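On a predicted model such as this, the values are computed, not experimentally measured, just so you know. Protein chains get the first letters and strands the later ones, always in sequence-line order, with residue 1 at the start of each.
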Protein chains: 2
Amino acid sequence: MSVAAQSSGLEEMFGEQSSLNKSNSDSRHDILVTAANCFRENGYSATSIDDVAHALKATKGMIYHHFRSKADLFFAVYRMGMEINFRATEPHAKGDAPALLKLARMSVAHSIALMREQSFQRVLAQGVALHQQGSTTAAQRETLSELIDIRNSYETLFRKAIEAVAEQHKIKLGDPSIASKSFLAVLNSTVFWYSPREDNQHAEQLTIARELVTYALRGIGADMPEEALTFMEQDNDE
Amino acid sequence: MSVAAQSSGLEEMFGEQSSLNKSNSDSRHDILVTAANCFRENGYSATSIDDVAHALKATKGMIYHHFRSKADLFFAVYRMGMEINFRATEPHAKGDAPALLKLARMSVAHSIALMREQSFQRVLAQGVALHQQGSTTAAQRETLSELIDIRNSYETLFRKAIEAVAEQHKIKLGDPSIASKSFLAVLNSTVFWYSPREDNQHAEQLTIARELVTYALRGIGADMPEEALTFMEQDNDE
DNA sequence: TTGACAACATACTCGGTAGTATGTTCCTCT
DNA sequence: AGAGGAACATACTACCGAGTATGTTGTCAA
């Protein structure tokens, strides 16, 4: 991981034991990954705890040992999804690159993280849906609101970047809120139609990301800076 | 309804007794509307037939008298959602207006229909999700595939229009498939964040539609033709 | 008048599921 | 060594919800 610990406020947001930190508790992490897949494939309420347990070749008791309730498990998966996004995007938002290049890099990173971690991203969408419904208990409702806040602050990251570009390039945006929502809608659209092919995933994902970001940027009246793609080459995990 | 019966292939697609045809069976129509709301608020699997019945101030038996199963009900709602979209959009696709104006009008009409009939549109999104999962029986799977086909043919309507614009205005699209997916993603994004205000819905919706279509068109490198908005003024139901 | 059928309402079955209560195993610390 | 607890597995409860079976009411036709 190239952009490791630069103390960027992520710890405050997600707590000491990051979900990405596999060291402390392997099985908790395994549950999260498996649950994310189940939620993606069947949706929250159509997924039973037993389903997750079975996919893990474990039992219900094991899951309830790590999570208080099904909702709790869902929230944890949601958190991890958001954390993935932040870790991918935030470093680019903090650099001192020109506004347009910054936005483009954020977008590419976001787009690729989205395709790499499909399961978690789909859970995020369900989280919003769950929030619009009524979640049962008061505590759950509070937790959900907190999660939505995290999501909103993520969107704000993009909106700020977009407005910076608009200002610097003297573009008028109409309603900046709608512009940024459209912008993210384009980047997020892969959730609905992309599924990874075996062949050359990384190359394919880069191509798609390039197209999407080009489109999204043109939507706000800016042109894709080609340097935005060069940074992606080094950090391949596994 | 200004663009009534011009025999545009809709009858073949949705059968003789259109879901929009309230004459024959009022209660069936009522069920569809209520079910759409329930599905929107709680999602498919979290909505029970009893929920729908209760919202209708009727009983479970009444619903099962009109629909064989919960899945059947869902499919019917889905169909009606698609029909709403087709009826709103297809007339504009058939005119002999210039390509860009045609696309713009289709987009505005689609966008506004989306905001007016929120409940049904959210069901459409769930339909795609359900399709990606495994639906239980073979018959259901077949029906779902058929519905997805309808949806695809709707998307094709837009893709054709987009490609026509690209050709006529000598725009190069990169991957046309991704471009049209992004295009629709922008138009459809309201599903996730728009909820109607009491005040002046129609004006508000027009404003939003205008912003969205402007963004979407710029994404493919085209400019919003202002005449595209003028047609919307007459046909206000109720 | 009656009988047949549509349009529901009521009452019930039965499988699935969240959550709990209670083992069992193993590891660690003293 | 053994006491205690973490990390599970097993067994059970209680409820909910889809689907069904059967009752009731109105209506229309012969």
**Asked** Counting N and O atoms only, with roles assigned by atom type, does the side chain of A/Asp149 sit under 3.5 Å from a partner on the main chain of A/Glu146, one being a donor and the other an acceptor?
**Response**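 Side chain of A/Asp149 to backbone of A/Glu146, a donor-acceptor pair under 3.5 Å: no, none is there.
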**Prompt:** Between A/Ser111 (side chain) and A/Ser107 (backbone), is there a donor-acceptor pair under 3.5 Å?
**Reply:**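 Judged by distance alone, no pair lies under 3.5 Å.
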Sub-3.5 Å pairs of nitrogen or oxygen atoms, protein against nucleotides 23-26 of chain C:
none

**Request:** Could you note down all residue pairs passing salt bridge (Lys or Arg N to Asp or Glu O under 4.0 Å) where residues 53-74 of chain B supplies at least one of them, sequence neighbours left out?
**Result:** B/Asp50-B/Lys60
**Helix axis bend for the helix from C/dT1-D/dA30 to C/dT30-D/dA1 - C1'-based end axes, five pairs, 10° rounding** = 0°
**Message:** Strictly below 4.0 Å, N to O, side chains only: are B/Arg151 and B/Glu155 in salt-bridge contact?
**Reply:** yes
**Message:** What's A/Thr47 touching, base or sugar-phosphate or nothing? Going by heavy atoms closer than 4.0 Å.
**Reply:** sugar-phosphate
Would you mind reading off the distance between [X] atom [atom1] and [N] atom [atom2], rounded to a whole angstrom?
| X | N | atom1 | atom2 | answer |
| --- | --- | --- | --- | --- |
| B/Leu73 | D/dA18 | CG | C1' | 13 Å |
| B/Asp26 | C/dC8 | CG | C1' | 15 Å |
| B/Asp50 | C/dC12 | CG | P | 15 Å |
| B/Tyr64 | D/dT20 | OH | P | 8 Å |
| B/Lys70 | C/dG15 | NZ | P | 19 Å |
| B/His54 | D/dC16 | NE2 | P | 14 Å |
| A/Asp72 | C/dG19 | CG | C1' | 13 Å |
| A/Ile49 | C/dG19 | CD1 | P | 7 Å |

How about [X] and [Y]: does a side-chain donor come under 3.5 Å of a side-chain acceptor?
| X | Y | result |
| --- | --- | --- |
| B/Asn85 | B/Gln121 | yes |
| B/Lys181 | B/Ser177 | yes |
| B/Glu90 | B/Tyr154 | no |
| A/Asp30 | A/Ser27 | no |
| A/Gln126 | A/Arg122 | no |

Can you give me the N/O atom pairs linking the protein to nucleotides 8-10 of chain D at distances under 3.5 Å, or say none if there are none?
from, atom 1, to, atom 2, distance (Å)
D/dC8, OP2, A/Ser27, OG, 2.9
D/dC8, OP2, A/His66, NE2, 3.3
D/dA9, OP2, A/Thr59, N, 3.1
D/dA9, OP2, A/Thr59, OG1, 2.5
D/dA9, O5', A/Thr59, OG1, 3.4

Inter-residue atom distance [X].[atom1] - [Y].[atom2], 0.5 Å rounding:
| X | Y | atom1 | atom2 | answer |
| --- | --- | --- | --- | --- |
| B/Leu32 | B/Asn37 | CG | CG | 11.5 Å |
| A/Thr143 | A/Ile148 | OG1 | CD1 | 11.5 Å |
| A/Glu117 | A/Arg40 | CD | CZ | 11.0 Å |

**Item:** Residue pairs passing the ring-ring contact (aromatic ring centres under 6.0 Å, His included) test where at least one lies in residues 39-60 of chain B, sequence neighbours excluded
**Value:** B/Phe39-B/Tyr44, B/Phe39-B/Phe74, B/Tyr44-B/Phe74
Between the protein and nucleotides 22-26 of chain D, list the N/O to N/O atom pairs that are separated by less than 3.5 angstrom.
none

**Request:** Begin with the C-alpha distance, continue with both residues' side-chain angles, and end with the deciding distance and a verdict on salt bridge (charged side-chain N to carboxylate O under 4.0 Å, His left out) for B/Glu83 and B/Arg79.
**Result:** CA-CA 6 Å; B/Glu83 193 179 348; B/Arg79 267 175 196 280; over 6 Å; no
